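What follows is a set of notes on a single structure, which appears directly below.
This is a predicted model, so every value here is computed, not measured.
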Amino acid sequence: MFEVEQKHVEDLIHQYCQENDLPDVEIKWSWIPFNGQWGISTSFFQLASRSFGTVKGNVGQKAKEIAQNVAGYLGQVPGFEKIEAVNGYLNLYFSTADYFQRVVDKVLAEGTEYGKGARTNRQLMVEFSHPNTHKAFHVGHLRSAFLGDVLARILEAAGNDVVRVNYPGDIGLHVIKWLWNYLKYHKGEKPEKDITRWMGNLYAEAVKRLDQDPELEKEIREVYTRWDQRDPEVVKCWEETRQWSLDGFKEMYDLLDIRFDRYYFNSMFEKPGKEMVEELLKKGIATDERAEGGAVIVKLDEKLGLKEEKYRVMVVLRSDNTALYATEDLALAKRKFTDYPNLEKAYYVVDVRQSLHFQQVFKTLELAGYEWASHCQHVPYELVNLPGNVVMASREGTVVLLEDLIREATSRALEVVKIKNADLPEEKQLDIARAVGIGAIKFPMLSRESNKIVTFDWQSALDFNGQAAPYIQYAYVRANSILRKVNQEIPASLKPSIELTAEEVALVDWISRMPEEIQKAARDLKPLVITNLAYELARAFNDFYTQCPVLAAEEPVRSMRLRLVAAARQAICNSLVLLGITAPQAM
RNA sequence: GUCCCUGUAGCGCAAUGGAUAGCGUGCCGGCCUCCGAAGCCGUAGGUGUGGGUUCGAAUCCCACCAGGGACACCA
């Protein structure tokens with residue numbers, strides 16, 4: 001937000017280097033890392049090191065000298081209160097009063113748009129969630145849904161045009177098993193509520209029956225054949241029951257505030273996938289081993305002339321001519337770039353176990369000559385496991401259902417809401433409890449590196465204290481509460497006439513970083529950057545809140561702080577929106 | 001066997017190659033007669049091991065140790 005001033009100083013430093021026969025190096029700025037200090041900082045170690053060339057020298061000493069001299073050279077620079085050289089670093093402290101006014105004015109003028117980047121004209125696609133129909137929706141599925149949703153929000157905020165895609169697995173062996181079990185033992189049944197759970201239970205039941213009597217495999221294969229031949233009864237049953245799952249998913253996405261622009265279904269790509277395999281065979285990329293009882297494969301390493309194994313071999317069609325995931329993924333990618341020819345990136349938010357698979361698919365498409373293949377990128381994430389590193393799997397019964405988690409988190413939050421907001425209507429209380437409960441579920445999945453395993457346990461999932469969404473929501477509510485009490489317009493723009501407290505400076509500091517942090521999060525595809533920002537904002541606000549009275553303050557401090565509270569509320573709110581977490585008015 | 005990821009305080013996590021490695025939680029002790037205590041303040045606790053690169057390494061490179069994962073018809 002202070003690019004102009006920063007650039008000015010950079011120019012001066014470059015000028016100094018030229019005049020003093022120093023090499024020209026890029027100047028990298030960072031925030032002054034000391035508490036309560038607000039400004040930018042750069043070091044001269046690299047410059048000092050380069051200035052020696054191949055000759056050995058005392059870099060630390062030289063950097064110190066340069067920093068001193070540059071500080072002297074700069075003298076007074078508009079926009080900065082103080083410039084100092086410390087141990088080879090050059091620290092420039094902002095004119096806090098000026099910048100306070102600038103930051104607060106900007107936030108209040110831009111409102112919900114504050115922090116967003118300029119439009120880029122780049123179109124990006126984020127594919128995420130991809131749930132399996134006819135199966136339960138459990139906590140392990142949440143990470144892709146949350147990560148993808150928030151990545152989409154971040155990329156959009158950074159200025160891009162984002163297409164959100166879901167790719168449900170609506171066909172495959174698991175669906176056939178389910179259909180078999182349904183047609184044989186549950187024909188005509190349909191529960192009134194909790195359909196997703198019921199669907200999952202039926203799947204588990206099918207698996208159990210099969211485990212107990214492997215002979216039943218024959219019947220499954222029979223259903224598969226009927227499906228392949230488009231037997232009306234099977235197709236109709238599939239269409240109907242698939243829709244039950246999709247309706248259930250829709251309900252959950254609504255509850256979680258997750259939306260999609262487009263659905264691609266697994267079942268849409270069986271045929272086009274097989275056509276692509278034909279094409280690969282024609283182009284000599286795929287090898288047909290079906291005559292010897294094998295499959296159609298792509299010998300990637302061989303095709304690429306690699307000595308060491310890297311991409312290995314990918315099966316693109318089973319020996320019985322049926323399609324598998326790889327077949328469909330080839331066609332799906334093609335479809336994405338047919339529907340959206342200008343896509344600059346197609347992100348696949350899929351768990352890390354499929355890294356090799358995606359490398360194979362993308363490499364194969366590249367070999368086939370699709371220039372957009374290089375625009376495809378797998379965004380991997382680690383799993384959500386149960387304590388003891390137990391993987392959640394519906395067939396093992398080792399799952400925590402999403403419905404159960406939401407219900408539990410909401411009711412836990414509701415207990416507190418009822419005490420603290422006893423006079424609110426019940427409906428409002430429930431809305432707040434949902435916002436708090438769901439926020440608490442989302443936060444821990446977003447606030448760590450995606451290559452780290454999340455271990456789910458009830459106790460920490462339902463802990464609403466400390467580094468968690470409710471902490472941030474609470475800061476928002478407190479800010480909101482102050483502004484509600486004054487019951488008047490936010491005072492007009494003003495420049496603080498007395499020195500700001502350390503808490504005020506720190507709060508403005510964090511608010512001002514928001515635009516840069518959003519760009520960083522988008523560049524690195526890291527929601528973690530935003531959870532950190534949101535948390536720091538809330539913490540800075542809480543510090544301010546306990547140290548700086550607002551309503552009881554004398555003018556003009558009161559007006560100044562009211563504006564700051566309004567700006568903080570806006571910034572916190574915007575950061576929560578980016579995380580897909582609701583900012584409640586009270587809680 | 002090959003490849004990938006992880007290792008930071010009892011536990012869960014942060015830290016554009018940069019200054020004094022931060023935060024939460026748990027334990028203990030404080031703070032509601034001041035804008036909401038889902039909050040605030042205080043005490044204690046540290047980068048798996050060994051080399052290397054660099055002015056500077058939790059971060060980059062190599063080896064080792066420990067844990068997890070992927071490697072031909074599952075998705």
Side-chain angles (χ1 to χ4, degrees), chain A residues 28-34 41-43 45-46 48-49 52 56-63 86-89 91 130 132 169 172-174 266 289 294-297 299 308-320 322 324-329 350-357 359-360 380 382-383 385 389 391 413 416-417 420-421 436 440 444 447-449 451-455 457 460 463-471 473-475 477-486 520 524 528 531-532 535-536 539 542-543 545-553 561 565 586-587:
Chain A
K28 286 179 289 184
W29 296 103
S30 52
W31 301 102
I32 294 176
F34 307 117
S41 161
T42 190
S43 71
F45 297 105
Q46 211 168 34
S49 177
F52 287 124
K56 286 247 172 190
N58 188 333
V59 172
Q61 189 57 42
K62 182 78 178 174
V86 184
N87 291 327
Y89 290 85
N91 295 332
H130 28 249
N132 281 326
L173 199 55
H174 76 276
N266 200 202
E289 296 186 342
V296 180
I297 60 176
K299 298 177 178 172
E308 283 155 13
E309 59 175 356
K310 179 169 183 193
Y311 297 101
R312 301 183 154 97
V313 168
M314 176 167 70
V315 176
V316 289
L317 196 65
R318 290 198 191 93
S319 48
D320 64 357
T322 57
L324 63 166
Y325 218 67
T327 324
E328 287 143 357
D329 261 347
V350 183
D351 82 69
V352 68
R353 294 173 299 184
Q354 290 175 46
S355 296
L356 177 61
H357 165 76
Q359 280 190 56
Q360 292 176 327
E382 266 293 357
L383 303 183
N385 287 346
N389 219 17
V391 178
V416 182
V417 174
K420 303 184 75 157
N421 301 274
V436 173
S447 64
R448 64 196 65 201
E449 292 282 356
N451 59 8
K452 292 208 170 150
I453 295 172
V454 172
T455 303
D457 71 277
S460 49
D463 187 356
F464 297 162
N465 299 312
Q467 226 167 52
Y471 178 90
Q473 292 167 317
Y474 189 62
V477 165
R478 279 174 144 185
N480 201 45
S481 178
I482 291 178
L483 295 170
R484 199 174 43 224
K485 282 212 167 64
V486 297
K520 187 179 169 202
D524 301 343
L528 163 68
T531 54
N532 281 349
Y535 180 74
E536 292 297 343
R539 199 150 67 100
N542 278 334
D543 279 351
Y545 185 90
T546 48
Q547 294 302 316
C548 308
V550 178
L551 300 179
R561 286 186 179 162
V565 171
M587 65 187 272

**Q.** Per-pair stack call A:Phe45 and B:G18, 5.5 Å, 30°
**A.** yes

Q: Could you tell me which residues satisfy side-chain contact (heavy atoms from CB on, under 4.5 Å) with A:Asp351, sequence neighbours excluded, listed by chain and number?
A: A:Arg353, A:Gln354, A:Tyr381, A:Leu383

Q | Position toward the 5' end of RNA chain B (nearest nucleotide), A:Asp463 or A:Asn132 | A | A:Asp463

(Q) Using a heavy-atom cut-off of 4.0 Å across all strands, would you classify A:Ile297 as base, sugar-phosphate, or nothing? (A) base

(Q) Can you work out whether A:Phe464 or A:Gly294 has the more 5'-proximal nearest nucleotide on RNA chain B? (A) A:Phe464

Q. Any side-chain N or O of A:Arg353 less than 4.0 Å from the OP1 or OP2 oxygen of B:G69?
A. no

Q. What nucleic acid atoms does A:His357 come within less than 4.0 Å of, heavy atoms only: base, sugar-phosphate, or nothing?
A. base

Q) Is the distance from OP1 or OP2 of B:G68 to the nearest side-chain N or O of A:Asn389 less than 4.0 Å? A) no

Q: Might you work through the salt bridge (charged side-chain N to carboxylate O under 4.0 Å, His left out) test for A:Arg539 and A:Glu536, ending with a clear yes or no?
A: CA-CA 5 Å; A:Arg539 199 150 67 100; A:Glu536 292 297 343; 3.3 Å; yes

Q.
Please confirm whether the shortest side-chain N or O distance from A:Ser447 to OP1 or OP2 of B:C13 is below 4.0 Å.
A. no

Q. Does the side chain of A:Lys452 get closer than 4.0 angstrom to OP1 or OP2 of B:C5 through an N or O atom?
A. no

Q.
For A:Phe45 and A:Tyr89, I'd like to know if the aromatic rings sit close, meaning centre-to-centre distance below 6.0 Å.
A. yes

Q: Using the aromatic ring of A:Tyr89 (for Trp, its six-membered ring), decide whether it stacks on the base of B:A19 within the limits of 5.5 Å and 30°.
A: yes

**Q.** Distance between C1' atoms of B:G67 and B:C73 (Å, rounded)
**A.** 31 Å

